[in-house]
Each structure stands twice: as structure tokens, then as C-alpha cells.
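What follows is a short report on a single structure.
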Amino acid sequence: MQDHSVEMRGIVKRFGSVTASDQVDFSANAGEVHALLGENGAGKSTVMSMLSGVYRADEGEILIHGKPARIRSPKDAALLGVGMVFQNFRLVQTLTAAENIVLGEKSSFWRGSKWIRQKREEIEALGEQFGLKFPVNRPIWQLSVGEQQRVEIVKTLYRGADIIILDEPTSVLTPGEAEQLFETLRVMKQAGKTVIMTTHKMKEVMASSDRISVMRKGKMIATLATAQTDELELARLMVGREVTISRQEREATQGEPLLVVNRLEVSADHGRKALDGLSLTVCEGEIVGVAGVAGNGQKELAEVLTGLRTWKNGEIIFDGSRVKTASVRGAIDAGISHVPENRMKSGLAGRLGSVDNLLFKSYRTEEHSKFGILKAAKNRLWSQELVQRFDVKTPELDTPVQQLSGGNQQKLLFAREVSHKPKLMVAVHPTQGLDVGATAGVHELLMELRSSGSGVLLISEDLDELLQLSDRILVIYNGAIIGESDHEHADREQIGLMMAGIRHREGSAV
Ligand SMILES: Nc1ncnc2c1ncn2[C@@H]1O[C@H](COP(=O)(O)OP(=O)(O)O)[C@@H](O)[C@H]1O
Ligand SMILES: [Mg+2]
């Protein structure tokens with residue numbers, strides 16, 4: 001039997017009712033780049049966080065170099081030679097790169113300049129050896145994201161890690177920087193390190209790894225040699241093959257086109273193109289699902305449609321008229337409601353209670369205020385009724401909503417958005433983080449909107465959810481729709497491939 005440098009056996013980790021890691025077995029060897037592949041939410045970060053001591057496993061055991069290891073903190077992990085580079089870097093912005101790397105070494109700031117020079121040289125030598133260049137003497141805030149990542153990697157190497165975990169390292173890199181990183185991974189592996197990289201991007205895995213372990217919904221599905229697999233097989237493993245989803249026969253409720261988007265072009269925050277000629281139509285009484293890997297323009301699409309972001313080219317026609325400018329108020333008044341991706345950041349005001357949150361978008365209407373004064377008693381009754389109807393469990397109507405569970409927050413948000421009888425609902429990952437019961441509740445609400453003649457644009461990374469609810473599924477890739485499939489003919493495998501940018505079974509990349 002091979003001598004694994006890392007072996008995880010029967011690892012279980014639960015977060016409330018979610019089993020993020022369900023009896024996971026995983027092993028990696030010295031001298032390999034091992035990719036941990038899976039869709040968002042599959043459990044990759046959770047499993048690696050247990051190896052690096054950030055989380056403790058509820059069950060299971062971990063062996064490092066064949067010996068049972070007690071990893072109860074990142075420090076324990078570091079002593080065993082395990083270092084992790086997280087998605088969100090943990091660097092002190094005002095200290096230099098070199099200072100960040102030696103930080104934590106005993107009384108490092110009391111030593112003389114000779115010591116500092118020596119450390120700097122050590123750090124530079126490591127950077128040189130592994131192809132990780134960055135200005136050692138500049139404060140972190142002056143470094144690009146790619147450079148900061150290199151600092152993080154050198155930090156783990158400097159601290160003597162021989163098992164190095166990178167969590168979605170390319171998500172912050174340009175394609176060119178990603179290539180460079182893969183080169184570094186190769187050098188590390190030649191130096192005998194164990195390199196583990198989590199990612200949800202198949203192409204990268206094929207380009208950079210020796211072996212691939214695939215996770216899906218908290219379970220380890222398979223471990224394969226990269227040379228003996230291909231993107232088709234990986235797509236199947238990632239999204240699952242079984243067609244267990246209940247796609248009930250359902251009544252067609254589709255009416256007139258409600259939203260028509262033509263060749264939309266939108267810039268992202270950094271000036272990159274986020275939407276690049278995207279076109280789609282949503283009809284009345286229709287749920288249109290948008291499938292895709294995060295970061296392909298979903299966020300910007302939702303923002304444009306709800307008035308939060310402006311567009312450069314193309315047109316948006318809503319309910320028969322052309323939308324002229326981006327305006328949140330305009331979108332609300334036109335009848336577009338929004339269930340945003342991050343409900344606590346942009347959907348709800350955490351410190352306020354249910355009444356205020358419910359009134360957020362309609363307090364100006366005649367129903368709720370007169371001459372600018374809120375109709376307090378009436379609004380309370382109205383809120384009470386909504387809270388009951390949508391089954392929001394809150395101790396008091398005024399309990400700050402940040403104290404409610406995720407499921408109840410989401411129900412409250414839906415209550416508000418649905419209470420306006422929207423013509424179109426733009427729902428982004430509406431069931432993310434919810435348990436089974438709350439998820440079913442949200443699905444029911446979306447179906448009710450559909451039968452009442454509203455249009456729904458459902459942006460989700462959960463293929464099961466999309467297959468179950470959508471009349472049509474569109475696949476977004478690099479800011480455009482690259483494929484479409486209707487409710488009856490939706491094929492997981494095909495959609496999974498399109499999500500990876502592959503249009504046809506023959507494997508022609510876009
Ligand atoms: N700290 C946490 N609290 C509650 N749930 C969590 C936490 N971290 C992860 N989860 C849940 O565990 C599941 C797996 O998440 P994660 O390991 O981040 O997946 P991945 O890294 O593959 O995208 C998800 O359903 C996620 O919502
Ligand atoms: Mg993750």
C-alpha cells in the first residue's frame with residue numbers, strides 16, 4: 001500500500017442541518033498535485049478546513065505521513081507541516097510582505113537589522129526557487145491580488161509546510177497568472193511537496209493536476225488519475241447522473257413576453273466585460289432558470305435588471321416599454337422584485353425588525369402612509385398578516401431580523417417581494433444555505449408566482465433546483481447565454497458541459 005502523506009477517513013462535519021462533509025475519505029501523496037473538484041457548496045473548503053485545523057471534524061480520523069494526527073487548531077496543523085492558502089487572504093495590509101511572512105516568529109521586531117536582512121534573503125530565495133515573485137519590502141495594500149497570493153504561498157513554505165492546500169486559488173487570478181501558478185505547483189511537486197488545490201473549474205484541473213477527487217453534495221464521489229479521465233466524465237461526476245428529480249407534468253401558464261433583453265453589454269466593477277452580448281426573454285407565467293458557474297455574469301445580470309447597475313450597449317424591454325436608465329426605484333415601480341444573493345447585505349436591514357423590513361419598498365404608497373406619515377397601526381397589522389402567511393418564525397414583530405435563522409430571513413424577504421405582486425421576480429440563489437423545509441417553501445412560492453402569471457428569472461447554481469422549477473434553462477458562460485434547454489428535455493450532463501463552456505457533446509470548446 002502506498003504511503004500517503006495525507007489520509008482522511010470517514011470525515012463528517014455538520015453545520016446545523018447541513019452535512020457539509022458526509023463520511024469523506026480522501027488521500028494525497030507527496031510529489032503530486034491533487035485537485036479537489038466540485039460545484040459550489042459541494043464541501044471542498046469544509047474538508048480542507050478540517051485538514052488545516054480551522055474546523056474540527058465531528059467524526060472520522062486524519063493521518064499525516066501515516067500517523068494519526070490530532071488537528072485542533074491551525075497551529076497544530078502547521079506543526080504537522082500543513083499550510084493552507086485561503087480564498088480570503090489573511091495578511092496585515094499595513095505591514096510589508098516580508099513582515100507578514102515572519103509575523104508570529106518570536107520577538108521578530110526586537111532583532112537587529114542584520115536579522116531582518118537575513119530573513120529577507122531567505123524569503124527572496126524561496127520566491128526564486130518556486131517562481132513566486134513579489135516586492136518583499138512593500139506594504140501589502142500596494143500589492144496586486146496575484147502578488148498577495150504569492151506572499152501567502154511563500155508564507156506557508158517559509159513556515160516549513162510540506163502539505164500545501166490552496167482553496168480556489170485561481171478565482172482571483174487572470175488566466176495568465178493562473179498559468180504561472182500552475183508552474184509553481186509543478187515546482188512544488190518536484191520538490192516533494194503534497195499540493196492540494198480546490199476548484200470548481202474543470203479546465204484548470206485538467207491542465208494542472210495529477211489526480212482529481214470529485215465531491216458532490218458533501219460526499220466524495222470518486223478519485224481519478226487526470227491522464228485517464230476527461231471533462232465529460234468529470235462533468236458527470238460533478239453534477240451527478242441520476243435523474244431523480246420530480247419533473248411533474250405541469251400546466252403551461254406561459255403568456256406574452258414580459259422581459260426582453262437584447263445583446264446586453266455590461267462592465268464589471270474592474271472594467272472587465274461582465275455581460276458580453278447577452279440576450280434572453282422571460283414570458284408571463286414562466287420560470288426561466290439561469291445555470292452557470294459563479295462569476296460568469298450572473299451577478300451583473302441581476303443587478304442590471306433590478307436597476308442597480310447601468311449598461312453600455314444593448315436594450316432591455318420590460319412590459320412593452322424600453323427601459324431607459326438604471327434606477328432601483330424605477331424597477332420597483334415597474335413591478336420588478338429582487339431576491340438578492342446576499343440577503344443580509346443587500347436584502348434586509350439586520351438591526352431592524354420585521355415591520356420595517358417589510359415596509360422597505362412600499363412605505364411611500366398610499367396604503368402605508370399619508371402625507372409622508374406612516375400608518376403605524378395599519379402597517380403592524382399588515383406585517384403581522386404577512387409574517388403569518390409566509391410562516392416566518394420570529395419571537396416578536398420587532399425582533400431584529402439578524403437574529404432570525406437563514407430560512408426565516410429568506411421567507412421574510414419573499415413575503416416583502418411577493419406582497420407587491422411583482423410582474424417579474426429576479427431571484428438569485430434563493431435557497432442557498434436553507435434547509436430542506438425552507439427550500440421547499442421557497443420553491444412553492446416561486447411556483448405560485450408562476451401560476452399567478454408573474455415571470456421569474458431564477459439564477460442558481462443548484463442544478464436540481466433549476467431542473468425542477470424552470471420552464472426553460474439557459475446556461476450563462478463568459479457573459480453570454482451559450483445554450484438553452486426546455487423543461488422536458490433538460491439533460492444534466494449537457495447542461496454541466498455547457499457550464500464548463502463546452503457547447504456540444506463532441507467537446508468543442510467555445
Ligand atoms: N460555517 C458554516 N456554517 C454553516 N454552513 C456552512 C459553513 N461553511 C459551509 N457551510 C455549508 O456547507 C456546505 C459546503 O460548503 P463549502 O465547504 O464551502 O463548499 P465548497 O467549498 O465546495 O463550495 C454548503 O452547503 C455551505 O452552505
Ligand atoms: Mg469553497
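- Atom CG of residue L237 and atom CE of residue M215 lie 13.5 Å apart, to the nearest 0.5 angstrom.
- Rounding to the nearest 0.5 angstrom, the gap separating the CD atom in Q129 from the CD atom in E124 is 14.0 Å.
- At least one side-chain heavy atom of V214 sits under 4.5 Å from a side-chain heavy atom of L234.
- One finds the CG atom of N100 at 8.0 Å from the OG1 atom of T94 (value rounded to the nearest 0.5 Å).
- Of the charged side-chain nitrogens involved, at least one lies within less than 4.0 Å of a carboxylate oxygen, so that E183 and R186 count as a salt-bridged pair.
- Looking at S21 and T46, their side chains never bring a donor and an acceptor atom within 3.5 Å of each other.
- The minimum heavy-atom distance linking E231 with M202 is given by the pair O-SD, 3.4 Å.
- Remark: the backbone N or O of A161 is paired with a side-chain donor or acceptor of K193 at under 3.5 angstrom.
- Although no hydrogens or angles enter the test, the distance criterion places no donor-acceptor pair under 3.5 Å between the side chain of N29 and the main chain of E32.
- Put simply, the side chain of F86 reaches to within 4.5 Å of the side chain of V54, judged on heavy atoms.
- For the residue pair P74 and G53, the shortest heavy atom distance occurs at CD-O, 3.3 Å.
- For the side chain to side chain donor-acceptor pair (under 3.5 Å) test with K217, the passing option among T19, D22, D464 is D464; the others fail.
- Remark: F182 engages no residue in a ring-ring contact (aromatic ring centres under 6.0 Å, His included) (not counting sequence neighbours).
- Using a 4.0 Å cut-off between charged side-chain N and carboxylate O, K411 and D391 make a salt bridge.
- Checking side-chain atoms of D210 against main-chain N and O of T226 turns up no donor-acceptor pair under 3.5 Å.
- Taking CD1 of I64 as the reference point, atom CD of E7 lies at 10.0 Å (rounded to 0.5 Å).
- Between Q298 and H429, the closest side-chain pair of non-hydrogen atoms is not below 4.5 Å.
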**OP:** Dump the intermediate steps for side-chain hydrogen bond (donor to acceptor under 3.5 Å, both in side chains) on T399 and Q403, then the final yes or no.
**Re:** CA-CA 7 Å; T399 304; Q403 290 175 22; 5.5 Å; no
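- Residues N137 and T96 have side chains that never bring a donor and an acceptor to within less than 3.5 angstrom of each other.
- Shown here for Q228 and E233, the closest heavy-atom pair between the two residues is O-OE1, 4.1 Å.
- Between V102 and Y158, the closest side-chain pair of non-hydrogen atoms falls below 4.5 Å.
- Contact detail for V154 and I123: the closest heavy-atom pair is CG1-CG2, 4.1 Å.
- Within the 4.5 Å cutoff, the side chain of S49 has heavy atoms near those of the M84 side chain.
- Side-chain contact of S485 with Q494: a donor-acceptor pair under 3.5 Å is absent, judged by distance alone.
- Considering only residues two or more places apart in sequence or on other chains, T394 meets the side chain to side chain donor-acceptor pair (under 3.5 Å) condition with none of them.
- For the atom pair CD1 (I101) and CG (L95), the distance works out to 11.5 Å, reported to the nearest 0.5 Å.
- In plain terms, the two heavy atoms of K13 and R56 that are nearest each other are NZ-O, 2.9 Å.
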**OP:** Dump the intermediate steps for side-chain contact (heavy atoms from CB on, under 4.5 Å) on H34 and S213, then the final yes or no.
**Re:** CA-CA 7 Å; H34 197 128; S213 290; 2.7 Å; yes
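- Atom CE of M498 is separated from atom OH of Y477 by 13.0 Å, given to the nearest 0.5 angstrom.
- A donor-acceptor pair under 3.5 Å links the side-chain atoms of R416 to the main chain of N357, judged by distance alone.
- With sequence neighbours excluded, no residue forms a ring-ring contact (aromatic ring centres under 6.0 Å, His included) with H200.
- The number of heavy atoms from other shown groups lying within 6.0 Å of NZ (K201) is above 12.
- A donor-acceptor pair under 3.5 Å is formed between the side chain of Q410 and the backbone N or O of P430.
- Side chain of S5 to backbone of A28: a donor-acceptor contact under 3.5 angstrom is found.
- For the pair K219 and V24, the minimum side-chain heavy-atom distance is 4.5 Å or more.
- At least one donor-acceptor pair under 3.5 Å links the side chain of T198 to the backbone N or O of E168.
- Between A302 and I459, the closest heavy-atom pair is CB-CD1, 4.1 Å.
- Side chain of E152 to backbone of R90: a donor-acceptor contact under 3.5 angstrom is found.
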**OP:** Just do the side-chain contact (heavy atoms from CB on, under 4.5 Å) check on L132 and L126 with the steps written out, would you?
**Re:** CA-CA 8 Å; L132 295 158; L126 271 176; over 6 Å; no
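- Side-chain contact between P395 and L404 is present, with at least one heavy-atom pair separated by less than 4.5 Å.
- In terms of modelled atom types and a separation under 3.5 Å, the side chain of E341 and the main chain of V428 share no donor-acceptor contact.
- Salt bridge status for E300 with K273: absent, with no side-chain N to carboxylate O gap under 4.0 Å.
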Original post:
Yes or no on side-chain contact (heavy atoms from CB on, under 4.5 Å) for T194 and I164, after CA distance, side-chain angles and deciding distance?
Top reply: CA-CA 6 Å; T194 305; I164 294 154; over 6 Å; no
**OP:** Could you please spell out the steps behind the side-chain contact (heavy atoms from CB on, under 4.5 Å) verdict for L278 and I481?
**Re:** CA-CA 6 Å; L278 180 139; I481 302 298; 3.9 Å; yes
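- Looking only at distances, no side-chain donor or acceptor of K119 sits under 3.5 Å from a matching main-chain atom of A98.
- Side-chain atoms of L51 and I196, non-hydrogen and from C-beta on, do get closer than 4.5 Å to each other.
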